[in-house]
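Below is one structure, written out as structure tokens; the observations come after it.
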Amino acid sequence: MPAVQTVVTRFAPSPSGHLHVGGARSALFCWAFARQHGGRMIVRIEDTDQKRSSDAASVGFLADLKWLGIDWDEGPTYEGTGGGPHGPYFQSERLDLYNRCLQQLIDAGHAYYAFETPEELDVKRKAALAEKRAYRYDRAALSLSAQEIAAKLAANTPAVVRFKCPGHAVTIHDEVLGDATIPAEEIDDFVIRKADGFPTYHFAVVVDDEFMQVSHVMRAQEHFTNTAKHMLLQDALGFRRPAYAHMSIICNPDGSKMSKRDKDKTLRAAVKAKASAQPQSLAAPPAGTDGSPSVAQVDWDRWLSDKNVQLDFDSAQRLAEALCVILPEINVDDFRRSGYLPEVLCNFLALNGWSPGNDIEKFDNQFLAKHLRLDRIQKTAAKFDRAKLLSFNTDAITGMPREAFIARARAHGEQFHGDFIRALPAQAFDRLAAASHERSKTLEDLFAGNAWVVAADDSPAISPDAKTIDKVLLKSDPATGGTGLSHLTALHAILATTPDTSWNPEALEPIITAYAAEAAAGHMGKVAQPLRVALTGGTVSPPIFDTLCILPKARALARIAQVIALAKRD
RNA sequence: GGCCCCGUCGUCUAGCCUGGUCUAGGACACCUCCCUUUCACGGAGGCGACACGGGUUCAAAUCCCGUCGGGGUCACCA
């Protein structure tokens, strides 16, 4: 009796920067499918392109996966996860294996050496393009004699190895897309080993999937046509055929493919716009907010001269600030920084391309693992709708227990707003977080919207502008004749006499409510807004009693006095 | 351009396989009103799609053909 095949999925990113949302969704589905079948999920780093790989980048990927709650059974070791019997899990460390398989192919006549230079091929490719036909390798190397090949190899002539296609059409069976037949003439003798001795993606993937016993290849649709090549390679090597499931691409609202390059695209557009106004601005990187160059000069020059070069996260961020543009969130890490919850991101990503039916939209990873069906994965590309993501995030935040929100907000702050956390006593932070909970759409809102809490009392940042002073403090109320300023003055006196032990929302509420009833015809807004402006410099903050008590009594009174003086001066 | 895939509200989708229960359901966004100490939240209502054209059938969003539109891919990147 044949053994029941274990489900083995793999997520195989190339280590170029952080994990982006499309990759995250692939990983999530791989994880869910493996869990559903009690199988294994492998993470494999496809670092066969020496120019584009870095160790730091692969670690970034792993951190992103962990944060999303996606754990792997085999793969690089990271914080207690990883390892396994089929390693190493970096392709750059598996060259011996690839070479063995390559030799097998050459010996069997399924692969051959070719010596054209990239430049020569490029010329032929361009000619084909000019004639509006698809370029196919012309197999010139096949007419070389054994002696000629041996001589060239002996002379260390740069050589690639190409796969000799058998010349028949290939039918792909896809769990999502169904069957598709690729005609024979569409598949040419593709390179399987590069001149630098590294395998190409096609070759390494096929070899690793076999030796790692992968049963289900789940990846993005951009790989769909490649599948034919992989199948041919499997046949030539006598390998098993995994099941394939290609999922749709995730797009920007404009329909273009959502890509890591989008950040650089945004920056390049802004730089170009600036340069057309002042051409000399290209010479040096724009100065950041602190006056120093936003990007190092060498990086700047390289970035300008090559459109394929991407800026690292910090440089891109500083340049964006200098140019006053907002970078789109593309990578998982971007969404993390923006204060999205990992479980919400997973939920939303899964929903872009899969649905359990029955009008169910909100679910967790466990639910996904239980209900995912490959044939229910959407065939069409989805546009990534940030507004809906935000709405999901808002629901998740407002729906969680108060204590959980405070803890998560603090963790987010410790990660990304160390200054804020350090500037505030723990108790005050808890009070602020509690007061901000129900109006927070993201974890980030708490910090972005409450800078007044950590600003110095005399900071210009919390000084109201003239328009606000005029509207909130100086305009008189036709109903009572009072102004914001008069309320503020009266309130300052009242608050100054309250005992220190009453400096909490519960004690202050009746006092201020009573004042509003008496002096503002019960219109709390007439009283609350002037206080809010005095304390925060702006017209938006948590409920007024909380806003009052987050600061110590003395500092709150000082801010009120300060604004009274300011308004009187005007 | 060749090849492959896809095509339901602005967006994500349910329905399609196994035609009738679909005057096409849900969610987000948007609009209106209500609530309200700001901003939010919340409540009620509204707008809004089967790409088009032919078939097949008593009956088509569902099956067939064509057209148009979109995406992917054609690297010594993955």
Side-chain angles (χ1 to χ4, degrees), chain A residues 12-16 46-49 51-53 114 116-118 121-122 125 128-129 131-136 158-162 172 174 176-178 180-183 185-188 190-196 198-202 204-205 219-226 228 246 248-249 251 253 255-257 308 348 351-362 375 378-392 394-395 398 436 438-441 445 449 472 512-513 516 523-529 531-533 536 538-545 547:
Chain A
S14 61
S16 49
E46 311 228 319
D47 56 348
T48 54
D49 183 359
K51 293 188 291 291
R52 289 212 285 173
S53 296
E116 290 87 353
T117 64
L121 293 172
D122 211 39
R125 237 191 307 272
L129 195 71
E131 292 172 36
K132 294 200 168 187
R133 58 185 171 80
Y135 169 76
R136 299 285 174 262
V160 300
V161 177
R162 285 180 182 271
I172 305 167
D174 191 276
V176 175
L177 265 12
T181 301
I182 311 292
E185 53 290 4
E186 287 302 313
I187 314 164
D188 73 350
F190 54 97
V191 172
I192 55 179
R193 188 175 69 179
K194 304 181 252 183
D196 64 5
F198 276 67
T200 59
Y201 160 76
H202 304 298
V205 155
R219 49 161 46 156
Q221 264 177 35
E222 63 204 56
H223 293 294
F224 187 68
T225 338
N226 290 333
H246 287 92
S248 60
I249 309 271
C251 294
S256 65
K257 184 172 149 188
N308 291 320
F348 186 70
L351 204 59
N352 269 260
W354 177 78
S355 155
N358 298 118
D359 293 337
I360 295 170
E361 286 204 308
K362 304 277 179 75
D375 59 6
Q378 199 73 18
K379 297 177 178 179
T380 52
K383 295 189 177 101
F384 194 86
D385 183 358
R386 285 153 212 281
K388 185 157 180 170
L389 205 216
L390 220 212
S391 165
F392 273 35
T394 307
D395 287 352
T398 51
S436 304
E438 55 196 4
R439 59 186 40 67
S440 292
K441 298 185 170 193
D445 284 351
V472 180
I512 294 174
T513 308
H523 293 122
M524 181 58 86
K526 302 286 180 202
V527 178
Q529 280 309 78
L531 276 173
R532 201 178 320 268
V533 166
T536 73
T539 52
V540 178
S541 84
I544 195 61
F545 311 115
T547 299

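Order of the sequence lines fixes the chain letters, A, B, ..., with proteins taken first and strands second; residue numbering starts at 1 for each chain.
Judged by the 6.0 Å distance and 45° axis criteria, A/Lys362 is positioned over the aromatic ring of A/Phe392.
Of the two residues contacting RNA chain B, namely A/Pro542 and A/Phe348, the nearest-nucleotide position lying further toward the 5' end is that of A/Phe348.
In terms of phosphate contacts, A/Thr48 brings a side-chain nitrogen or oxygen within less than 4.0 Å of OP1 or OP2 of B/rA78. In terms of phosphate contacts, A/Gln529 brings no side-chain nitrogen or oxygen within less than 4.0 Å of OP1 or OP2 of B/rC39. A close approach under 4.0 Å does not occur between any side-chain nitrogen or oxygen of A/Arg136 and OP1 or OP2 of B/rU73.
Here the separation of B/rC47 from B/rU8, taken at their P atoms, is 23 Å to the nearest Å. B/rC35 and B/rC41 are spaced 11 Å apart, taking the C1' atom of each and rounding to whole Å. Taking the P atoms as reference points, B/rA29 lies 38 Å from B/rC74, given to the whole Å. The same atom, C1', is picked in B/rU73 and in B/rC77; the two are 13 Å apart, to the nearest Å. For the C1' atoms, the distance from B/rA14 to B/rC22 is 12 Å, rounded to whole Å. For the C1' atoms, the distance from B/rC31 to B/rG69 is 30 Å, rounded to whole Å.
Although no hydrogens or angles enter the test, the distance criterion places a donor-acceptor pair under 3.5 Å between the side chain of A/Arg136 and the main chain of A/Glu185.
With rounding to whole Å, A/Lys526 atom NZ is found 12 Å from B/rU37 atom P. A straight line from CG of A/Asp395 to C1' of B/rA29 spans 14 Å, rounded to a whole angstrom.
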